[in-house]
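Just so we're on the same page: letters track the sequence lines, and every chain starts at 1.
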Protein chains: 2
Amino acid sequence: MNMIAKPQPKTKRGRERRAQILAAAEDVFSEMGFTAASIADITRRAGTAQGTLYLYFDSKDEIFREVMLDLGRQIRRESSRAIEDATDRIDAEIRGLETYLRFVVRRPSVYRIVQQCAVVDRTTWREFYQTVFDRYVPHLQAAADREELSQGDAEVRAWMMIGIFTLMGERVSDWDNGKDIDRIVTEFSSLLRYGIAPRDEPTSNTR
Amino acid sequence: MNMIAKPQPKTKRGRERRAQILAAAEDVFSEMGFTAASIADITRRAGTAQGTLYLYFDSKDEIFREVMLDLGRQIRRESSRAIEDATDRIDAEIRGLETYLRFVVRRPSVYRIVQQCAVVDRTTWREFYQTVFDRYVPHLQAAADREELSQGDAEVRAWMMIGIFTLMGERVSDWDNGKDIDRIVTEFSSLLRYGIAPRDEPTSNTR
DNA sequence: ATAAAACATGAATCAGTATTCATGTTTTAT
DNA sequence: ATAAAACATGAATACTGATTCATGTTTTAT
């Protein structure tokens, strides 16, 4: 509702405190969950007084939102970096998945926060996925035009890829801590290249 | 912690009240979210007094859990019914997705509750996905053995399929209300049969 | 018909915690 | 060096809402 966020801190000390509190909030929210996490928990972790948090953030909801926006930027930065030197779109998808999975294993808070966000702040959560989607579709469309992919529905493909990335991310960060990344990437690669239907020519093209 | 749940109601009236409150809880939780939903909201919707809820459920957490378990059963029932008369595994997957998507459009509370569950009661949420996974893998493995699918990593395939189902479910129930189901099913079918890589023989086999 | 069990009520309790604020300290600008 | 602005404190406030419980009603069993 309130569109005017707190102004940026004016001094170096201020910027540091804000960053300190934001980092503490990320940890606490991902470890305890939004509801269980109290302002006292966050400021204790950050080593400040409770009131200090309100110098930089309007409310518990707003600080959560800032945490999510920050993570969103990190996720997108990480994935675009991954695909920079891919040879073609299939390769880009595969590298993208691998980098992504390694990222979420390093930063398991990512998925916790995104999941919380779906519940705590649905608008921000939608915007996050919409942004990912909006950047994804043109890549897939262009790749199909260049014949690096078969022709197909780029939008639906984007959602399917995002679905695979998302669940695999949850899986490795929450369940197996990264030990299955290689298997996952191998099978994903095979899905993109051949689907999962029986293949006609058994062992000819590795392409 | 407390493993002893409330005993089953002894009378018809009791069973009806319990069902009434459970249905109200599903609606209220999915509309308002777990945190915002109060016991008063639930009992108001159910048309009973607040205390009545505590005759049948130990706590707000427990009633949420019961809602989730109930939905889990419905989801599994619906999807197994869908694939009963599929001709092969690829066909089963495609029918499964379509039925599934139509189900979540009819019952949009499904995804809201599952998402909430990831945050509110992580144990139950994990058990839900684990159960889906445990039932899925043997089907895929058996199908590969019968050569209805190519050989591959059945476990990773199961997670990828679940990821696609999940995101598409969220997508149609939350975003577009079912109008894109046909497009989605078509593209999904194509992914399973051919992948998304360029195809060697342009227009030969519809299989 | 009657006692016992089961079910139902809703106002009062009570614990937790987000937010404020009066007071102090540090930094910046002149 | 000094005033003003920015930053920091943490105890007190204020509110919410889950849970309880004393009391009443309905159903079941005999």
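- When distances run from any side-chain atom of A:R13 to the nucleotides C:dT9, D:dA6, C:dA18, the shortest one goes to D:dA6.
- A close approach under 4.0 Å does not occur between any side-chain nitrogen or oxygen of A:Y54 and OP1 or OP2 of D:dA8.
- Crowding of B:Q74 atom CD: a count of heavy atoms from other residues, nucleotides or ligands under 6.0 Å exceeding 12.
- In this structure, B:A37 reaches the sugar-phosphate backbone alone: every heavy-atom distance under 4.0 Å involves primed, P, OP1 or OP2 atoms, never a base.
- Closest to the side chain of B:S59, from the set C:dT19, D:dT9, D:dT19, is D:dT19.
- With a cut-off of 3.5 Å on both pairing distances, the Watson-Crick or G-U wobble partner of C:dC7 is D:dG24.
- Across the protein-nucleic acid pair, B:K10 atom NZ and C:dA4 atom P stand 18 Å apart, rounded to whole Å.
- Within 4.0 Å of A:Y56, counting heavy atoms only, lie sugar-phosphate atoms of the nucleic acid but no base atom.
- When the P atom of D:dA8 is taken as reference, atom CD of A:E16 falls 10 Å away, rounded to whole Å.
- Whole-Å rounding puts the A:I42 CD1 to D:dG10 C1' distance at 17 Å.
- Atom CE of residue A:M160 and atom CE of residue B:M160 lie 11.0 Å apart, to the nearest 0.5 angstrom.
- Base pairing annotation: C:dC14 forms a Watson-Crick or G-U wobble pair with D:dG17, both donor-acceptor distances under 3.5 Å.
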- Does the pair A:T131 and A:D134 meet the rule for a side chain to side chain donor-acceptor pair (under 3.5 Å), with working shown? CA-CA 5 Å; A:T131 303; A:D134 288 342; 5.8 Å; no
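- Atoms CD (A:E62) and C1' (C:dT19) sit 14 Å apart, rounded to a whole Å.
- Distance, A:L55 CG to C:dT25 P: 16 Å, rounded to whole Å.
- Among the protein residues, B:T52 comes within range of the nucleic acid bases, having at least one heavy atom under 4.0 Å from a base atom.
- When Watson-Crick and G-U wobble pairs are counted only if both distances are under 3.5 Å, C:dA1 pairs with D:dT30.
- In this structure, the nucleotide among C:dC7, D:dC7, D:dT19 sitting nearest to the side chain of B:K60 is D:dT19.
- Between B:E187 and B:R183, no side-chain nitrogen of the basic residue sits less than 4.0 Å from a carboxylate oxygen of the acidic one, so the salt-bridge criterion is not met.
- At least one side-chain nitrogen or oxygen of A:R17 sits closer than 4.0 Å to the OP1 or OP2 atom of D:dA8.
- Here A:T11 reaches the OP1 or OP2 of D:dC7: one of its side-chain N or O atoms lies under 4.0 Å away.
- Taking the charged nitrogens against the carboxylate oxygens, B:E78 and B:R106 do have a contact shorter than 4.0 Å, which makes a salt bridge.
- Here the P atom of nucleotide C:dT26 and the NZ atom of A:K12 are 17 Å apart, to the nearest Å.
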- Message: Could you go through B:D174 and A:R126, starting from their C-alpha distance and side-chain angles, then the distance that decides it, and tell me whether this counts as side chain to side chain contact (heavy atoms under 4.5 Å, CB included)?
- Response: CA-CA 10 Å; B:D174 231 64; A:R126 269 178 193 237; 2.9 Å; yes
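- Set against D:dT19, D:dA6, C:dT9, the side chain of B:A49 has C:dT9 as its closest nucleotide.
- Atom pair A:R15:CZ and D:dA6:P shows a separation of 13 Å (rounding to whole Å applied).
- Spacing between atom CZ of A:F57 and atom P of D:dA8 amounts to 12 Å, rounded to whole angstrom units.
- Taking only distance into account, the side chain of A:Q50 meets the base of C:dT19 through a donor-acceptor pair shorter than 3.5 Å.
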